[in-house]
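For reference, positions follow the sequence shown, starting with 1. Note that ligands are numbered from 1 as they come in the structure, with each ligand's atoms numbered from 1 the same way.
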Amino acid sequence: MTDTILVLNAGSSSIKFKVFALGGSVRLQRVITGQIEGIGVAPRLRAHGADGAALIDQAWPATEVAETQAALRRVVDFLRAQLGGRLPVAVGHRVVHGGTRYSEPTVLTEAVVRDLEPLIPLAPLHLPSNLAPIRVLLAMQPQILQVACFDTAFHRGHPELADRYALPESLYDEGVRRYGFHGLSYDYITSRLPDVAPALAIGKVIIAHLGSGASLCAVKGGRSIESTMGFTALDGLPMGTRPGQLDAGVVLYLLKQKGMSADEIEHLFYHDCGLKGLSGISNDVRVLIESTEPAAKLALDYFVYRIALLAGSLAAAMNGVDGIVFTAGIGENAPTIREAVIKRMGWLGFEIDAKANRGGGPQISSARSPHVAYVIPTDEELMIARYTSDALGEGARKRA
Ligand code: ADP
């Protein structure tokens, strides 16, 4: 068995993982994909191999896998058995927030973890879950190289104007900034542009990451210069269950007039708004497309309207636009949404090739369209594996 890299994406009740083999004919070959979900509630570990065949589907009583450490142990035991007794040589972690300091993938040590802990108030729902397996592995398997890959890192080069809210300087200084997220997805798509759409690799492109979380990124000459997400992943586009851009006065109204607690508002904004709140039917675009209810149509129309509206503002940030790339669950799989967005962007110089769009692209703009449109599937885990493999290589060079 060749050496492998494990990529972990740890959430509050689940750990998603992928294993990549190093050093075959393909630089990083995905060999195992899985997740343990329902941690502490109804734990269940499922995984499949590169051919899609199931490798495990096992459930435990809640008390046996009550927290991250126990869940990770199950994953490690499973992987050890699958990999002929050999653990991965390195682990890459998706970490939602790197604050102002971390603009590059970073080798994890106890000191780096201590440095990241003060960022928890900036991402209270995600960062504790991201850090938990890192701490466990540092204690359990200290010999394994661990690398943190940050969702904010790709945006750290934003011009100062794009990094700010019009708030007092003291708040900026303590970290209330427009960080932007989905950076690993944008980084990956940008890395694909030279092959798929060479003109865009050196041009001005809007990347639309439309999944259950959704945002747009303005990439100019391969670098992020603006994004629709800001201080948290609530800003910008409406999403499956999050509202997107919102007048801060709404928060004051909910607090003062409705007497809602901060926790209740947080729950509302993360779980009951967006497409779900607008439609009253579902957060899933597939369900809304199938539905004949007017509220489902309203939710989808609103989604498309806001994408086109904010795409216009990103074009303004770049002083023009050469192309748009759609990615993630909705961006890759919903031709009707792509078509509606491109039609609304007609004024900017986009024209759809309806047949190519229904076929999934990659190019979905017509031959006479002044600007180009593409569909490119994202792969955040592969991006993490690449960075982790780079860190392994650097470590080997340093030791040599
Ligand atoms: P995440 O990784 O953030 O959970 P994904 O990028 O997987 O999200 O996107 C999930 C969303 O993609 C689903 O909520 C669903 O709305 C949408 N989606 C997936 N497949 C389709 C499809 N065939 N048509 C329309 N929407 C789809």
Side-chain angles (χ1 to χ4, degrees), residues 7-18 30 33-38 46 48 93-96 123 125-126 129-130 149 151-152 180-189 192 207-217 227-229 232-244 270-291 293 295-304 306-307 325-342 357-361 364 375-384:
V7 171
L8 290 183
N9 182 357
S12 57
S13 64
S14 73
I15 301 174
K16 294 183 184 151
F17 58 91
K18 287 191 180 165
R30 181 174 305 131
T33 301
Q35 63 175 332
I36 184 159
E37 58 191 0
R46 277 180 290 184
H48 60 266
H93 297 265
R94 181 177 190 173
V95 179
V96 68
L125 298 185
H126 296 104
S129 317
N130 299 158
C149 299
D151 257 320
T152 48
F181 297 88
H182 290 140
L184 291 159
S185 175
Y186 294 130
D187 203 356
Y188 175 77
I189 297 295
R192 297 282 295 127
I207 306 177
H209 178 106
L210 309 176
S212 47
S215 69
L216 306 179
C217 182
S227 160
T228 58
M229 276 183 173
T232 68
L234 285 175
D235 204 358
L237 300 178
M239 305 172 220
T241 57
R242 292 172 249 166
Y270 278 96
H271 300 290
D272 289 328
C273 294
L275 299 175
K276 180 181 172 194
L278 256 179
S279 69
I281 297 169
S282 173
N283 62 321
D284 192 322
V285 165
R286 281 166 294 202
V287 175
L288 297 178
I289 288 173
E290 290 296 314
S291 170
E293 293 292 325
K297 181 175 180 317
L298 171 73
L300 293 177
D301 286 350
Y302 183 82
F303 185 54
V304 167
R306 301 299 299 192
I307 295 168
V325 175
F326 292 89
T327 195
I330 302 164
E332 292 166 28
N333 299 302
T336 53
I337 299 289
R338 293 194 299 256
E339 181 165 355
V341 169
I342 288 182
N357 181 45
R358 279 194 300 276
I364 58 168
V375 180
I376 304 179
T378 196
D379 197 337
E380 289 144 302
E381 291 81 10
L382 179 57
M383 201 67 224
I384 296 171

For atom 13 (C) of ligand 1, what's the nearest protein heavy atom and its distance?
R286 NH2, 4.0 Å
Nearest protein heavy atom to atom 15 (C) of ligand 1, by residue and atom, and its distance?
D284 OD1, 3.3 Å
Minimum-distance protein heavy atom relative to atom 16 (O) of ligand 1
V285 N, 2.8 Å
With sequence neighbours excluded, tell me which residues meet side chain to side chain contact (heavy atoms under 4.5 Å, CB included) with D301.
K297
Which salt bridge (charged side-chain N to carboxylate O under 4.0 Å, His left out) pairs, counting each pair once, include a residue from residues 274-285, with sequence neighbours left out?
D272-K276, D284-R286
Would a search of protein heavy atoms around atom 6 (O) of ligand 1 find one under 4.0 Å away?
yes
I'd like the name of whichever of I330, N283, L275, T327 reaches closest to atom 17 (C) of ligand 1 through any heavy atom.
I330
Going by heavy atoms in the side chains, are F326 and N357 under 4.5 Å from each other?
no
Shortest heavy-atom approach to atom 12 (O) of ligand 1 - which of G240, A214, G11, G329:
G329
Test E293 against every option in I281, L298, L288 by the side-chain contact (heavy atoms from CB on, under 4.5 Å) rule and name the one that passes.
I281
Where is the nearest protein heavy atom to atom 23 (N) of ligand 1: which residue, which atom, and how far?
N333 CB, 3.4 Å
Which of the numbered atoms in ligand 1 are under 4.0 angstrom from any heavy atom belonging to A334?
25 (C)
Heavy atom of the protein closest to atom 2 (O) of ligand 1 (residue, atom name, distance)
S212 OG, 4.6 Å
List the steps, then state whether side-chain contact (heavy atoms from CB on, under 4.5 Å) holds for L237 with L210.
CA-CA 9 Å; L237 300 178; L210 309 176; 3.8 Å; yes
State, with a plain yes or no, whether a side-chain heavy atom of M229 is found less than 4.5 Å away from one of M239.
yes
Any salt bridge linking R94 with E381? Criterion: basic side-chain nitrogen under 4.0 Å from a carboxylate oxygen.
no
